[in-house]
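Data first, discussion second: the structure below is written as structure tokens.
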Amino acid sequence: MKKITLFFILLFVGNLSFAQDNCATALPITAGTHIISTINGTQLPTVACSFSNANTTAAEWYSYTPTQNYTVTVTSDLIENICKDTRLRIYSGNCTVMTCVDADDDDGVITCNSGNNNSYLSKITFNAIAGTTYYIVWDNRYASTGFNFQVSEIPAGYNPCNSAVAVSAGTTTVSAIDQININTSCSSAALSKWYSYTPTVNASVTVSSDLAENICKDTFFSVYTGNCTSGLTCLTSDDNSGVITCNFGNTNSNLSTKTFDVAAGSTYYIVWDNRWSNNGFNFTITEVPIIVPVNYTTQNLASLNSGFNNCIVDMNGDYKDDLVGVSDNNMRVHFQGNGGTFTTTDFPITGTSDMPYWSMAAGDYNKDGYNDLLLGSGGGLTFWRSNNTGTAYTNINPSDYIFCQRTNFVDINNDGNLDAFSCHDVAPNVYYINDGSANMQYYQSGTSGAYMLGITPSGGNYASLWTDFDNDGDSDMFISKCSGPPCEMHRNDGNGVFTDVSALAQINVTPIQTWSSAIADFDNDGDMDVIITASAGTHRFFRNNLESNGGVIGAFTNITAGSGWDTNTSTNIDNIAYDFDNDGRVDVLGGGGKIMFNQGNNVFTPVNYSGISVGAVGDLNNDGFIDFQNGTTIRYAVPNGNNWLKVNFQGIQSNRNGIGARVEIYGPWGKQIRDVRSGEGFRYMSTLNAHFGLGTASTINQVIVRWPSGIVDTFNNVAPNQALLVVEGATLATNAFETSVFTVYPNPVKSIINISINTANPVEFKLAQIYDLNGRMVQESAVQNQSIVVDHLATGTYILMLRDTQGKDYSQKFVKE
């Protein structure tokens with residue numbers, strides 16, 4: 001009897017071993033996990049299905065007939081198969097006439113943990129029709145070793161997202177991973193557990209299973225945004241970022257934790273899957289609210305359909321920022337009206353023009369009161385010059401070969417006329433000198449006979465930014481370099497001499513790759529700092545130490561560590577510096593869909609905005625806040641209660657736009673400075689109006705404009721929330737200027753200036769500095785008995801700077817007889 005029983009057992013095992021050796025004996029299976037002991041079947045598939053049978057000697061056959069329509073996944077991508085190598089084909093039809101459904105070799109995601117990091121496992125997902133038989137065929141192309149495979153079914157129309165359990169901040173218990181999953185770019189596991197989370201505030205959120213009660217467990221989760229019906233987008237995922245190590249078997253942590261930003265009212269789907277385990281565990285959601293300094297509303301303007309919508313600048317002389325678009329033979333201007341309305345005008349341009357594939361600049365280089373354009377392309381640059389009524393534009397194409405990158409209008413020789421500068425990508429930089437009648441003469445740096453500029457004769461020049469680094473009243477230049485060479489700083493020594501001080505300033509760091517850099521007085525100490533914003537790699541933040549260096553350019557200090565730029569991994573070719581939230585500190589818009597907001601003390605915090613990217617900026621609805629353009633979308637800042645000041649310019653001796661002018665404002669915040677620039681960042685042209693945020697301060701003690709000509713205009717007790725028009729030289733009067741803090745007398749003065757302090761706002765002055773109108777300090781002395789001796793000064797107009805015992809500065813203009 002025992003022998004007979006053993007015979008039947010052996011017979012049964014024998015049939016089981018060979019039942020799937022060919023199509024006719026394919027083993028019928030259903031959803032679930034199946035074991036292949038070895039691949040030794042005799043029949044190979046004969047119908048082409050991506051793979052040939054080369055080097056293949058055996059196969060195992062299975063038949064699967066669904067009872068209803070399903071989305072089916074067949075996979076060997078299971079943890080128990082790690083480091084194995086499988087190949088899969090699926091057919092429909094019958095053993096006589098077969099049709100290939102799909103084939104797969106290495107679509108698994110579980111990587112081998114020895115020898116290499118590849119995955120050689122297989123996975124196919126297909127739509128199966130009820131009652132149709134499908135043949136699942138595994139072959140031994142790479143190995144005959146056995147393995148497990150899994151068949152999972154998702155009913156047609158099934159979506160676990162629809163049954164996601166709503167959760168909020170706190171701890172949630174996952175009993176087990178037991179829901180059928182759907183295949184996404186984040187997760188390909190068979191089972192999952194879905195939760196929906198809708199925050200009530202903008203927050204930085206951490207989802208974590210890295211809890212003591214989960215010790216030695218192994219988890220994986222993904223986070224999705226979007227809609228269960230219209231589609232989901234994988235936002236992030238995490239596997240092994242936990243830190244709680246296992247206390248037996250190994251010391252690894254296989255727990256998960258991830259921090260990401262969320263927007264109030266948006267739903268996020270947190271999905272745990274069984275990539276590593278079906279076991280239950282706890283997870284937590286923690287929220288740290290994000291204070292959004294400024295919000296934006298959007299408006300789509302379909303008429304912003306020019307080939308290049310790269311420019312925001314005043315085009316009709318009313319000091320309101322307009323939208324400027326450029327196409328072949330046409331300039332389209334959206335003129336800003338009241339309340340942010342726009343009127344569109346097309347200006348036909350005849351002739352052949354270089355299009356601004358790389359950059360655009362604007363400025364009034366023929367001094368007729370209307371801004372002209374400078375278009376930089378990969379083959380040269382073009383000027384579009386206005387007539388004296390701003391009703392027509394002439395195309396002037398010099399036809400000089402330049403692989404233009406950043407272009408600028410700047411008064412290089414300080415003769416009161418705007419010149420043009422262009423970075424050259426493959427050769428030394430070039431510039432055009434204005435002869436005073438708007439005729440431009442071409443020069444190339446570092447070549448024989450080149451006029452004025454001794455710029456380093458090399459290529460790889462991507463973005464030029466002109467600003468006064470040493471506070472001597474003329475514009476120096478910073479060049480961002482791509483492809484490896486270090487950035488360059490060129491000091492303007494006057495008389496047409498520029499000196500490369502890159503090594504002296506210690507900003508010539510390598511390795512770094514940047515297409516543009518953000519330059520501003522980020523710490524409000526009265527000099528321009530530099531953030532070399534990387535287009536690849538890491539950012540660097542350098543503080544200007546002008547005051548401690550005795551007023552001359554010396555070594556900048558690398559203060560990247562702890563600034564927020566050391567942890568900002570978002571890179572971009574374009575980066576621009578403005579006070580976007582009007583709090584009195586300059587911020588930076590760059591890559592990653594975020595603004596790096598300046599918190600003070602040289603620390604920046606990122607805030608993410610959906611769809612945001614660098615574009616031309618300006619005040620497009622005249623409310624004192626910086627708006628910007630992204631393609632056909634205008635993003636308007638929503639005023640947050642902070643005060644502001646805009647300064648508009650009308651140069652007389654200097655260029656009409658005041659490009660190169662230094663603006664200083666003084667108030668409860670101390671001091672802020674801006675330089676007027678045409679062309680910053682890499683590509684775009686933004687407003688020529690100087691913009692200041694004031695925070696909650698309701699008074700501006702003084703506004704000083706230092707023109708390129710050396711003329712200084714001073715305004716006292718300026719009301720906030722206005723556009724201040726400064727006409728060069730308009731304030732050069734001899735009457736005493738009163739402030740809410742002090743007055744000086746007599747004015748004009750022959751020998752001694754007396755200081756009268758307002759008793760309602762008492763201060764104690766300790767230091768006096770006197771500057772001439774070229775911005776050069778001619779006297780420094782202690783304040784004694786509220787008077788200052790000036791009898792040795794030459795006749796002329798001067799600026800008196802007074803510093804109180806709290807370190808605050810005040811200024812006043814006086815005339816020496």
Side-chain angles (χ1 to χ4, degrees), residues 306 308-335 345-356 358-377 380-400 402 404 406-412 415-422 430-442 464 466 616 618 648-651 654-660 676-680 683-689 708:
S306 298
F308 301 90
N309 297 303
N310 295 350
C311 180
I312 294 177
V313 74
D314 170 31
M315 292 297 287
N316 59 356
D318 65 356
Y319 300 103
K320 291 181 180 179
D321 288 320
D322 307 311
L323 295 156
V324 185
V326 170
S327 300
D328 286 324
N329 302 118
N330 191 72
M331 178 175 70
R332 171 168 290 188
V333 180
H334 288 70
F335 291 106
T345 301
D346 286 308
F347 296 88
I349 311 291
T350 60
T352 301
S353 302
D354 293 295
M355 287 293 96
W358 292 103
S359 71
M360 190 187 308
D364 183 5
Y365 82 91
N366 61 352
K367 301 186 83 166
D368 64 356
Y370 299 95
N371 282 322
D372 314 297
L373 298 184
L374 174 58
L375 315 179
S377 78
L381 57 75
T382 294
F383 298 93
W384 281 1
R385 188 177 68 194
S386 66
N387 63 8
N388 59 11
T389 60
T391 56
Y393 290 80
T394 300
N395 166 37
I396 301 170
N397 193 330
S399 300
D400 300 303
I402 313 166
C404 292
R406 175 75 263 175
T407 49
N408 313 94
F409 275 118
V410 59
D411 187 356
I412 294 173
D415 65 352
N417 301 294
L418 286 178
D419 311 304
F421 184 90
S422 176
V430 302
Y431 49 97
Y432 292 80
I433 298 297
N434 190 336
D435 69 354
S437 299
N439 300 307
M440 294 295 208
Q441 176 65 48
Y442 169 84
S464 47
W466 295 76
N648 305 323
F649 306 91
Q650 184 178 327
S654 303
N655 65 85
R656 176 85 178 194
N657 304 102
I659 292 169
V676 184
R677 306 164 180 158
S678 171
E680 56 185 302
R683 183 183 304 277
Y684 299 96
M685 176 64 208
S686 295
T687 181
L688 286 168
N689 303 327

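The shown structure was predicted, so the numbers you read here are calculated from the model rather than taken from an experiment.
- Using a 4.5 Å heavy-atom threshold, the side chains of Ile412 and Trp466 count as touching.
- Evaluation of the side chain to side chain donor-acceptor pair (under 3.5 Å) rule for Ser654 yields Ser709, Glu728 as partners, not counting sequence neighbours.
- In this structure, the side-chain contact (heavy atoms from CB on, under 4.5 Å) partners of Lys320, at least two apart in sequence or on a different chain, are Asp318, Gln336, Asn338, Asn622.
- Remark: Asn417 pairs with Lys367, Asp415, Asn434 by the side-chain contact (heavy atoms from CB on, under 4.5 Å) rule, at least two apart or across chains.
- Side chains of Val326 and Cys311 form no contact here, defined as non-hydrogen atoms less than 4.5 Å apart.
- Evaluation of the ring-ring contact (aromatic ring centres under 6.0 Å, His included) rule for Tyr393 yields Phe347 as partners, not counting sequence neighbours.
- Across every non-hydrogen atom of Asn366 and Ala438, the tightest pair is CB-CB, 3.6 Å.
- Shown here are the ring-ring contact (aromatic ring centres under 6.0 Å, His included) partners of Tyr365, two or more places apart in sequence or in another chain: Phe383, Phe409.
- The OG1 atom of Thr382 sits 9.5 Å away from atom CD1 of Ile396, with the distance rounded to the nearest 0.5 Å.
- Considering only residues two or more places apart in sequence or on other chains, Arg332 meets the salt bridge (Lys or Arg N to Asp or Glu O under 4.0 Å) condition with Asp346.
- A pairwise comparison of heavy atoms in Pro398 and Tyr432 identifies CB-OH, 3.8 Å as the closest pair.
- Remark: Asp435 pairs with no residue by the salt bridge (Lys or Arg N to Asp or Glu O under 4.0 Å) rule, at least two apart or across chains.
- Residue Leu688 comes nearest to Val676 through the heavy atom pair O-CG1, 3.7 Å, listed as atom of the first residue, atom of the second, then distance.
- For the pair Ile312 and Leu323, the minimum side-chain heavy-atom distance is below 4.5 Å.
- Looking at every heavy atom in both residues, Ala362 comes nearest to Ser678 through O-OG, 2.7 Å.
- In summary, the side chains of Asn387 and Thr389 do present a donor paired with an acceptor at a separation below 3.5 Å, with no hydrogens or angles considered.
- Take Ser464 and apply the side chain to side chain donor-acceptor pair (under 3.5 Å) test, not counting sequence neighbours, and it matches Asn408.
- Looking at residues two or more places apart in sequence or on another chain, you find a side chain to side chain donor-acceptor pair (under 3.5 Å) between Ser377 and Asp354.
- Closest approach of Cys404 to Leu381, counting heavy atoms only: SG-CB, 3.9 Å.
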May I have the step-by-step check of side-chain contact (heavy atoms from CB on, under 4.5 Å) for Val324 and Leu373, ending in yes or no? CA-CA 10 Å; Val324 185; Leu373 298 184; 3.9 Å; yes
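- Legend: residues meeting ring-ring contact (aromatic ring centres under 6.0 Å, His included) with Tyr370, ordered by chain and number and at least two apart, are absent.
- Without hydrogens or angle criteria, Ser359 side chain to Thr407 main chain gives a donor-acceptor distance under 3.5 Å.
- Listed for the Asn395 side chain is no donor-acceptor partner under 3.5 Å among the backbone atoms of Trp384.
- With Asp322 contributing its side chain and Met315 its backbone, the two residues share a donor-acceptor pair below 3.5 Å.
- Checked against salt bridge (Lys or Arg N to Asp or Glu O under 4.0 Å), Arg656 has no partners two or more places apart in sequence or in another chain.
- A donor-acceptor distance shorter than 3.5 angstrom exists from the side chain of Arg406 to the backbone of Tyr684, with no hydrogens or angles considered.
- Not counting sequence neighbours, Thr352 has no partner by the side-chain contact (heavy atoms from CB on, under 4.5 Å) test.
- Between the OG atom in Ser306 and the CE atom in Met355 there is a gap of 10.0 Å [rounded to 0.5 Å].
- In plain terms, the two heavy atoms of Asp411 and Leu418 that are nearest each other are N-CD2, 4.0 Å.
- Taken to the nearest 0.5 Å, the CG atom of Asn371 stands 9.0 Å off from the CG atom of Asp368.
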Begin with the C-alpha distance, continue with both residues' side-chain angles, and end with the deciding distance and a verdict on side chain to side chain donor-acceptor pair (under 3.5 Å) for Asn689 and Asp314. CA-CA 9 Å; Asn689 303 327; Asp314 170 31; over 6 Å; no
Please test Asp372 against Asp364 for side-chain contact (heavy atoms from CB on, under 4.5 Å), starting from the C-alpha separation and ending with a verdict. CA-CA 5 Å; Asp372 314 297; Asp364 183 5; 3.7 Å; yes
